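Convention: sequence-line order gives letters A, B, ...; per-chain numbering from 1. All figures in this text were calculated on a predicted structure; none of them were measured in a lab.
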There are 2 protein chains.
Amino acid sequence: MISQSATDKQREILNAALKLFVEHGFHATPTSKIAKEAGVANGTLFHYYNTKDELIVALYVDIKTRLSACMNVGENGHLPIKEKCKAFFIGALNWGMENMTEFRFVQQFMSSPYLLMLAPEEIQKQSRVAMDLINEGIKAKVLKKMPVEFIHTLLSSQLFGINQYLMTTKPTPAAQKKLIEESFEMVWGMISV
Amino acid sequence: MISQSATDKQREILNAALKLFVEHGFHATPTSKIAKEAGVANGTLFHYYNTKDELIVALYVDIKTRLSACMNVGENGHLPIKEKCKAFFIGALNWGMENMTEFRFVQQFMSSPYLLMLAPEEIQKQSRVAMDLINEGIKAKVLKKMPVEFIHTLLSSQLFGINQYLMTTKPTPAAQKKLIEESFEMVWGMISV
DNA sequence: TTGCAGATTGACTAATCACTCCACAAAAGT
DNA sequence: ACTTTTGTGGAGTGATTAGTCAATCTGCAA
């Protein structure tokens, strides 16, 4: 029932929804098409998600959870702050490149009115780790003394931008790696003292 | 007939559409509600725009045109490149703050499948001025020698990010001005040699 | 075997929506 | 004055959609 132990069918529904939402937008994809793409009856969809909106929000939370899970693997509490930031930055970038559809969905969701359906605490939870890291950097006087929220926004938007660039230009893996490294150094130069 | 000499009613329709699209999203705002909000009959809307999609795209082009018109006022071809960039950057930022709804709409539009409905040349035209400026900067060895597209993406995403931050935190005008100035210096440090 | 709870189905419905159509009004032209 | 073009209105329409429901299926515990 809870998304943590998602059924096969539930996964199929989420996958189908993700694909179609990114392709056609939220409202332009009927629930019937989602069900068909998932190989599931119409009613089954509504057995798991009471409304279409609920499905959309659930999909967002699911993706964010998968991203977070992917980011926490490297337990690198001992590294210097810059390295921790770098791991975070590059990790997020790589995840975005390996999950382009998910990335596009998040972008679409975040600049849509659906964002308001998310509980504020849920939004906060997503960026908690990054915020802590930035706070640590500021306290250690490694990062510029500016509002944490501001630095976080700069970092996030930069991640979005670079990802978008990589998605549209599709460089070779080698060129991509180089560009990502360079990007981080540029961004780091911007936010560090 | 052409949007350059928009009728009163046409303007009302665009204004109403803008407001409702930002509030509820594209598909969640019926054309009937747009007409009502504009104080116009249902049929009148379809007299000016054959389809809802056409209206959406027209609205995007209209906003982009207004932004461009606002950016070209300062004929500052004689200034050093940094100052030209700064004027551009700060101009865009101020426009965004004075036209939050328009800004939100553009953001929503750009991360939606509607973007594909725009002719590629139309997209290119919008960023032409910025691209020329960046090219000039690279040739003069003032900016880092990197793909123009990449620098442009970095700048754009930064603009989006800062705007978003300002919109959510709503600082005092003085604090806002200071933050904008600082932001530019940070970004400039990132992209200049 | 029996019984039961949750899963699954797909036909069905009430509502909604994009868009049409035609009547009429206001300019614009002649 | 009169014809044409253009703008405006709003009821109407066919298609589509989110969500329902009663029936069937599945696995499992007693």
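For C:dT8, the OP1/OP2 oxygens have no side-chain nitrogen or oxygen of A:His47 closer than 4.0 Å. Within the structure, a side-chain polar atom (N or O) of B:Lys9 is placed less than 4.0 Å from OP1 or OP2 of D:dG9. Between D:dT17 and A:Thr31, no contact under 4.0 Å exists linking OP1 or OP2 to a side-chain N or O.
Remark: P of D:dG7 and OH of B:Tyr49 are 12 Å apart, rounded to the nearest angstrom. Straight-line distance from the CZ atom of B:Phe46 to the C1' atom of D:dT13: 13 Å, rounded to whole Å. Per the geometry, CG belonging to A:Asn42 stands 14 Å off P belonging to C:dC12, to the nearest Å. Atom NE2 in A:His27 sits roughly 20 Å away from atom P in C:dA15 (whole-Å rounding). When the P atom of D:dG19 is taken as reference, atom OH of A:Tyr48 falls 18 Å away, rounded to whole Å. Atom CZ in A:Arg11 sits roughly 17 Å away from atom P in C:dA7 (whole-Å rounding). For B:Glu54 and C:dA18, the CD to P distance is 15 Å, given to the nearest whole Å. Counting to the nearest Å, the P atom of D:dT20 and the CG atom of A:Leu45 are 12 Å from each other.
When distances are taken from the side chain of B:Thr44 to each of D:dA18, D:dG9, C:dT9, the shortest belongs to D:dG9. Comparing C:dT8, D:dG9, D:dG19 by their closest approach to the side chain of A:Thr51 singles out D:dG19. Out of D:dG10, D:dT20, C:dT9, the shortest distance to the side chain of A:Ala41 is found at C:dT9.
With respect to B:Lys84 and B:Asp132, no salt bridge is recorded, no charged nitrogen being found less than 4.0 Å from a carboxylate O. Between B:Lys82 and B:Glu185 a salt bridge is recorded (basic side-chain N to carboxylate O distance below 4.0 Å). Taking the charged nitrogens against the carboxylate oxygens, A:Glu121 and A:Lys125 have no contact shorter than 4.0 Å, which rules out a salt bridge.
In this structure, A:Asp53 and A:Met117 approach most closely via the heavy-atom pair OD2-CE, 3.2 Å. Nearest heavy-atom pair, A:Trp95 versus A:Glu102, reported as atom, atom and distance to 0.1 Å: CH2-CB, 3.6 Å.
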